[in-house]
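Since the structure comes first, as structure tokens, the remarks are kept for the end.
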Amino acid sequence: MTWWLGNSRGEFSYNFSNPIPDYALSAGIMLIAAIKVRLIIWHFMEVKEGPIWLRWSFDVWLCMLTTIILGLYYYSL
Amino acid sequence: MNTDQMTFNDAITNEKPRLPGQSAMLFFVIGDLWIFSCYFACYIYDRGQNVETYLASQQTLSQGIGVINTILLLTSSLFVALSVHAARTGSTPKANRLLILGGACGIGFLLIKAVEWYIKISSGLPIGTGEFFLYYFMFTGLHFLHVTLGLIILSLVYHNVNTSTNPDITLFESGATYWHMVDLLWILIFALLYLLA
């Protein structure tokens with residue numbers, strides 16, 4: 001899905017009757033990437049079975065990373 | 001016994017919250033993720049100063065290769081996660097097979113990445129051409145080193161499982177945790193370098 005969203009200029013590009021603006025595409029790409037990362041941390045790394053400080057450590061990191069990336073992205077618009 | 005160590009049988013019966021691997025490995029992983037986050041923030045900031053040039057350079061990357069590499073690493077992570085599960089239930093041969101499959105996907109990732117670099121450099125693109133490609137080679141190069149180290153760690157885990165009479169599940173989990181970190185870093189690099197609009 002991330003790939004599909006990010007393909008507006010790629011070699012497998014799609015056509016929308018009303019193109020999605022770049023800032024919305026980028027937000028979608030980053031949010032889907034963050035969800036995938038969270039799923040890997042939670043299920044593959046098995047952090048869901050860990051103590052609360054471990055779960056919070058990863059969640060705080062992921063929230064801050066997503067916020068900083070999107071914040072810097074929109075700041076530069 | 002070290003408090004970080006747990007045998008396969010202990011892992012099956014222990015239902016309390018537990019660390020998935022050695023605490024040292026978990027601290028290393030969290031620290032590494034924060035370091036990469038600083039690099040990502042620098043990249044997004046610099047990209048914002050010169051969006052058009054970055055986008056033009058970004059379009060020369062093959063998203064198809066990026067997708068294949070993403071699928072390879074995600075599949076590899078799945079194999080390693082299933083391998084840990086198999087090891088916990090005492091099915092060592094199955095755990096070995098899954099571990100080998102996970103490692104094979106990792107080697108496939110490295111080969112495809114090397115081909116991608118070769119195509120880029122042989123098409124007349126020196127490594128220092130433009131800020132975007134400095135970031136591209138830095139991120140993918142650092143990640144390449146992480147994948148290589150991950151394969152070495154998985155080899156050590158494989159060796160431990162096959163030579164020890166009482167294999168250490170915590171070592172197995174630690175190796176898997178590192179490998180999953182390599183996977184999630186690639187997902188972020190793929191989104192930032194290949195897809196961001």
Side-chain angles (χ1 to χ4, degrees), chain A residues 1-13 19-58 60-62 64-77, chain B residues 14-21 23 26-27 29-30 33-34 36-38 40-51 55 58-59 61-64 66-67 70-71 73-74 77-78 80-82 84-85 173 176-181 183-185 187-192 194-197:
Chain A
M1 193 186 284
T2 331
W3 177 39
W4 177 74
L5 271 178
N7 241 321
S8 56
R9 297 185 186 83
E11 67 258 52
F12 307 99
S13 56
I20 300 174
D22 281 352
Y23 63 85
L25 276 176
S26 296
I29 288 164
M30 275 315 300
L31 290 176
I32 292 170
I35 290 168
K36 282 193 285 192
V37 166
R38 177 62 156 55
L39 287 173
I40 290 171
I41 290 171
W42 221 241
H43 297 287
F44 283 1
M45 280 190 181
E46 299 178 341
V47 167
K48 66 177 177 181
E49 294 170 17
I52 195 159
W53 65 264
L54 186 70
R55 286 179 269 158
W56 272 98
S57 298
F58 279 101
V60 166
W61 164 74
L62 187 57
M64 286 192 70
L65 175 70
T66 312
T67 307
I68 289 169
I69 286 177
L70 288 179
L72 285 171
Y73 179 87
Y74 286 109
Y75 173 75
S76 64
L77 287 178
Chain B
N14 191 353
E15 290 178 358
K16 288 185 294 187
R18 59 181 186 82
L19 288 176
S23 50
L26 287 163
F27 284 120
V29 164
I30 291 169
L33 291 176
W34 276 106
F36 263 91
S37 301
C38 296
F40 293 151
C42 292
Y43 167 74
I44 290 294
Y45 178 79
D46 284 341
R47 186 183 190 274
Q49 307 302 306
N50 206 350
V51 179
L55 276 175
Q58 183 180 322
Q59 283 172 52
L61 298 182
S62 169
Q63 292 185 350
V67 169
T70 305
I71 292 169
L73 272 195
L74 278 172
S77 256
L78 177 64
V80 171
L82 291 173
V84 172
H85 183 72
E173 290 172 344
T177 296
Y178 181 87
W179 192 251
H180 299 316
M181 178 196 72
D183 180 20
L184 72 85
L185 280 177
I187 284 172
L188 291 170
I189 291 171
F190 179 56
L192 291 173
Y194 290 73
L195 299 178
L196 212 60

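In what follows, every chain begins at residue 1, and chains take the letters A, B, ... in the order their sequences are listed. Scope of the values below: all heavy atoms of this structure, side chains included, with no hydrogens, waters or symmetry mates.
- At a 4.5 Å heavy-atom cutoff, the contact between B:F27 and chain A is made by side-chain atoms alone.
- For the set A:A34, A:A27, A:S26, A:G50, the count of heavy-atom pairs under 4.5 angstrom toward chain B peaks at A:S26.
- Rounding to the nearest 0.5 Å places CZ of B:F190 at 9.0 Å from CD1 of A:I29.
- The local environment of OH in A:Y23 is sparse, with at most 12 non-hydrogen atoms from other residues, nucleotides or ligands closer than 6.0 Å.
- The minimum heavy-atom distance linking A:M30 with B:A191 is given by the pair SD-CB, 4.4 Å.
- Only the side chain of B:V29 comes within contact range of chain A, judged by heavy atoms closer than 4.5 Å.
- Rounding to the nearest 0.5 angstrom, the gap separating the NE2 atom in A:H43 from the CG atom in B:L78 is 12.5 Å.
- The local environment of CH2 in B:W34 is crowded, with over 12 non-hydrogen atoms from other residues, nucleotides or ligands closer than 6.0 Å.
- Only the side chain of A:F58 has a heavy atom closer than 4.5 Å to any heavy atom of chain B.
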Trace of the side-chain contact (heavy atoms from CB on, under 4.5 Å) decision for B:L184 with A:F44: CA-CA 10 Å; B:L184 72 85; A:F44 283 1; over 6 Å; no
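- Of the atoms belonging to B:A176, not a single heavy atom falls under 4.5 Å from chain A.
- For chain A, the nearby parts of B:L74 are the backbone and the side chain; heavy atoms of each come within less than 4.5 Å.
- Contacts with chain A were tallied for B:I44, B:L33, B:T177, B:L188; B:L33 has the most, counting heavy-atom pairs under 4.5 Å.
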Derivation of the side-chain contact (heavy atoms from CB on, under 4.5 Å) call for A:I69 and B:F40: CA-CA 7 Å; A:I69 286 177; B:F40 293 151; 4.2 Å; yes
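- Of the residues considered (A:I68, A:L54, A:I41, A:L62), A:L54 shows the highest number of contacts with chain B, using heavy-atom pairs under 4.5 Å.
- The part of A:S57 that comes within reach of chain B is its side chain, from C-beta onward, which places non-hydrogen atoms under 4.5 angstrom from that chain.
- In this structure, no portion of B:L185 lies under 4.5 Å from any heavy atom of chain A.
- Between the CG atom in A:D22 and the CG atom in B:L55 there is a gap of 7.0 Å [rounded to 0.5 Å].
- Of the possible donor and acceptor atoms, none in the side chain of A:S76 sits under 3.5 Å from a partner among the backbone N and O of B:Q49.
- Ranking B:A81, B:A41, B:G66, B:S37 against chain A, the residue ahead of the rest is B:S37, based on heavy-atom pairs under 4.5 Å.
- Note that NE2 of B:H85 and CD of A:E46 are 9.5 Å apart. Values are rounded to the nearest 0.5 Å.
- Looking at A:I40 and B:M181, their side chains never come closer than 4.5 Å, going by heavy atoms from C-beta outward.
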